[in-house]
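These notes are about the structure you will find just below.
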Amino acid sequence: MNKEKIKNWILIGLVLLSFGLTTQLWLSVPIDKMITEDQAFSGQDSKEDYDLSSFVLPQYIVVNFGGQSHTKLINDSSNGRVFAEIYQGVSDILKNIFIGGQNIAFEQVKWEEWMAARERKSIEVEYRWAFDVSIFREVFGGGKAGEDIPVASIKGLIVSLGRNGAVYINDGAGGTVYKWELPDIHTLLERLVEHLEEQDPVKYWSLKEIGYSEDSSFYVPLDMSSFNLPIGTAMTELDTGAQAILDAQASVFFSDMSMVRKITEMNGSYIYTDNQSALLRIDSSGLMEYLVYSYAGGDRNRADINSAIDAALKFINAHGGMPEQSYLEEIREVVENDYRGHLLKFNYAYNGLPFFRRGGLETSAIEVTVVEGKVVKYTRNIHHITKARIVQKPLLYPVQAADVVVEAISGFGEEKRLPVILDMYLGYCIDTEGTKEYQAFPVWHIKTEEGAFIVDAYEGRLVE
Amino acid sequence: MLRKGSLILFISLILILNMYAPALAAPGIVELIKPITDIKTVNKNMIISGWAKVDTSIEVRVYSRVAQKVDGEEVHSWEEYVQSGKEAGLVVGPTGFFAREVELKNGTNKVVIKAVNPEGEEEIIEGMVTLSSKEEVREAVQNLLNFNFLDIIKKIIK
């Protein structure tokens with residue numbers, strides 16, 4: 001065989017190989033995967049199978065070491081592992097409660113007993129909302145289990161450790177506390193708490209311990225040197241300047257795009273509507289609103305809370321997906337056009353700290369209204385942090401943040417008095433002023449009797 | 001008669017002034033929520049908080065007692081326990097309330113609070129805080145429990 005023949009055979013081989021690989025590529029990868037949804041929604045978590053337990057999460061966990069020694073854990077990069085381990089231990093107890101059913105004897109106790117449990121070695125779990133007990137039944141009991149539990153909702157719980165261990169459940173809806181005595185010492189949680197104490201974590205204090213007021217319902221840190229929160233640059237999820245992307249996004253909401261009219265408003269917003277069933281509005285800031293005209297056609301058998309969650313999660317999954325670190329913030333019954341339904345609010349966090357939007361403190365990143373198993377309203381306003389820079393500056397102390405609020409609420413020449421603080425925690429604020437690239441900075445969220453305030457935690461200015 | 005009357009009046013005046021002395025004394029620049037008077041604790045972190053006039057500068061420093069051998073004799077001195085990452089000074093804001101967390105060293109600590117009000121008047125408050133470990137406290141309690149009071153009483157009776 002001469003050299004020419006060998007070359008020809010190699011050439012034929014290469015042509016066949018390229019033919020085979022090209023065929024593989026075109027046939028094995030479906031066309032809808034090649035034109036990804038990322039074109040419309042960039043950067044979000046594309047996880048498809050949502051698990052309710054991923055969204056019904058504690059806002060924080062307080063570990064009480066006994067006496068005036070507490071630390072607060074959030075699901076961030078530095079405490080995420082211990083947060084998950086402790087919550088796993090608490091989840092195991094909740095599973096016992098919801099699966100144990102009749103064998104679990106709850107006793108209604110006074111609020112003082114709840115407060116006393118916080119002074120002992122214990123773990124305190126606080127949820128963002130007094131979630132209906134049926135949600136916990138779904139998450140921990142697999143549906144119908146534990147129907148004889150007297151609790152209507154759960155806002156928080158305390159697992160008291162040691163020999164006389166007990167679980168205290170704060171029924172947020174009823175305003176009562178229920179106690180269940182633990183049959184055994186929870187060795188895993190005991191060990192985790194001891195290990196955490198050895199690590200000397202940042203201490204948190206109640207306002208009563210500080211001497212600010214008589215309130216001991218929440219805790220704040222006073223050693224701000226332990227926090228190293230970057231300032232970020234945020235971008236809207238939707239590139240509102242790209243027509244093709246917006247049109248692609250709209251097509252997800254309408255089954256027949258040939259029937260859809262597109263209207264451009266003077267302020268740069270776009271409205272897509274088929275004039276019959278629904279309307280989609282996308283404004284220049286990236287806020288998306290979807291409204292269904294007709295509420296008919298829902299399934300009356302699917303009017304319960306868990307069906308509403310299920311419908312909402314499926315809808316979100318098909319219409320943008322869930323951003324990373326998202327959580328269920330609130331779920332409440334609403335009446336829409338004489339139909340009873342549920343409003344679900346989802347928000348998301350940056351390194352465990354919740355996001356707030358300047359000018360939209362009361363709204364959440366994703367809001368879904370479900371009526372009889374059908375999504376009738378959907379709003380979505382999501383930003384992604386694209387860049388972050390470290391700031392060589394200490395964060396504002398909580399008392400300094402309260403001083404900023406005092407200046408804001410006191411009139412000129414008026415006596416400055418301490419505001420009654422109902423809650424106070426760190427978060428991130430996205431300042432949506434300007435174009436495309438927005439600033440995301442750490443803030444103190446202060447809830448007072450006069451309302452909620454946002455204070456820039458680096459600059460000490462009142463943001464909202 | 002007049003002399004006696006003047007004397008009684010003078011003594012009464014002194015007594016009345018003595019009665020009102022605490023009220024007439026100039027108020028302190030800083031009013032602490034929890035006065036530091038020989039505190040014993042097992043918590044490594046402690047809160048110093050209180051009230052002061054707006055724009056009062058406050059400095060909180062912690063000194064720990066260290067023992068040194070000088071000519072074979074044990075001499076005690078105070079060494080500042082620098083609070084890493086925590087600023088010692090603060091300026092009181094419009095509410096007049098302040099709070100600072102300090103870290104203690106095992107053993108005896110001296111907490112010194114220096115306050116200077118906007119008028120330039122100065123006040124220094126000092127207090128001792130003893131930090132013991134939980135093990136030390138547990139051991140002390142155990143010793144107390146093991147202490148046989150009955151034997152001692154018997155010995156005394158004998």
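Keep in mind that what you see is a predicted model, and the values were worked out from it rather than measured. What you see below is based on every heavy atom in this structure, not just the backbone, and it leaves out hydrogens, waters and symmetry mates. Naming: A, B, ... by sequence-line order, numbering from 1 per chain.
- Side-chain contact between B:F97 and A:I210: present, with at least one pair of heavy atoms (C-beta onward) separated by less than 4.5 Å.
- With a 6.0 Å radius and a threshold of 12 heavy atoms from other residues, nucleotides or ligands, A:Q199 has its CD atom above the threshold.
- Atom CG of B:D38 is surrounded by more than 12 heavy atoms from other residues, nucleotides or ligands within 6.0 Å.
- With a threshold of 4.5 angstrom between heavy atoms, A:P398 does not approach chain B through any atom at all.
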Going through the checks in order, is the side-chain contact (heavy atoms from CB on, under 4.5 Å) test met by A:D200 and B:K44? CA-CA 9 Å; A:D200 193 20; B:K44 200 178 155 194; 2.7 Å; yes

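- One distance of note links CD of A:Q400 with OG1 of B:T95; it measures 10.5 Å at 0.5 Å rounding.
- Chosen from B:V92, B:T41, B:N45, B:V54, the residue pairing most often with chain A at heavy-atom distances under 4.5 Å is B:N45.
- B:A99 and A:L222 get closest at one heavy-atom pair: CB-CD1, 4.2 Å.
- Closest heavy-atom contact between B:F98 and A:V399: CA-CG1, 4.3 Å.
- By number of non-hydrogen pairs under 4.5 angstrom with chain A, the leading residue of B:E103, B:Q83, B:E101 is B:E101.
- Contacts of A:Y397 with chain B are made by side-chain atoms alone, with heavy-atom separations under 4.5 Å and no backbone atom involved.
- The neighbour count for B:K114 NZ, taken as heavy atoms of other residues, nucleotides or ligands under 6.0 Å away, does not exceed 12.
- For B:N43, the part lying near chain A is the side chain, with the backbone staying farther off; criterion is any non-hydrogen pair under 4.5 Å.
- What you find for A:E209 and B:K34 is that their closest heavy atoms are O-NZ, 4.2 Å.
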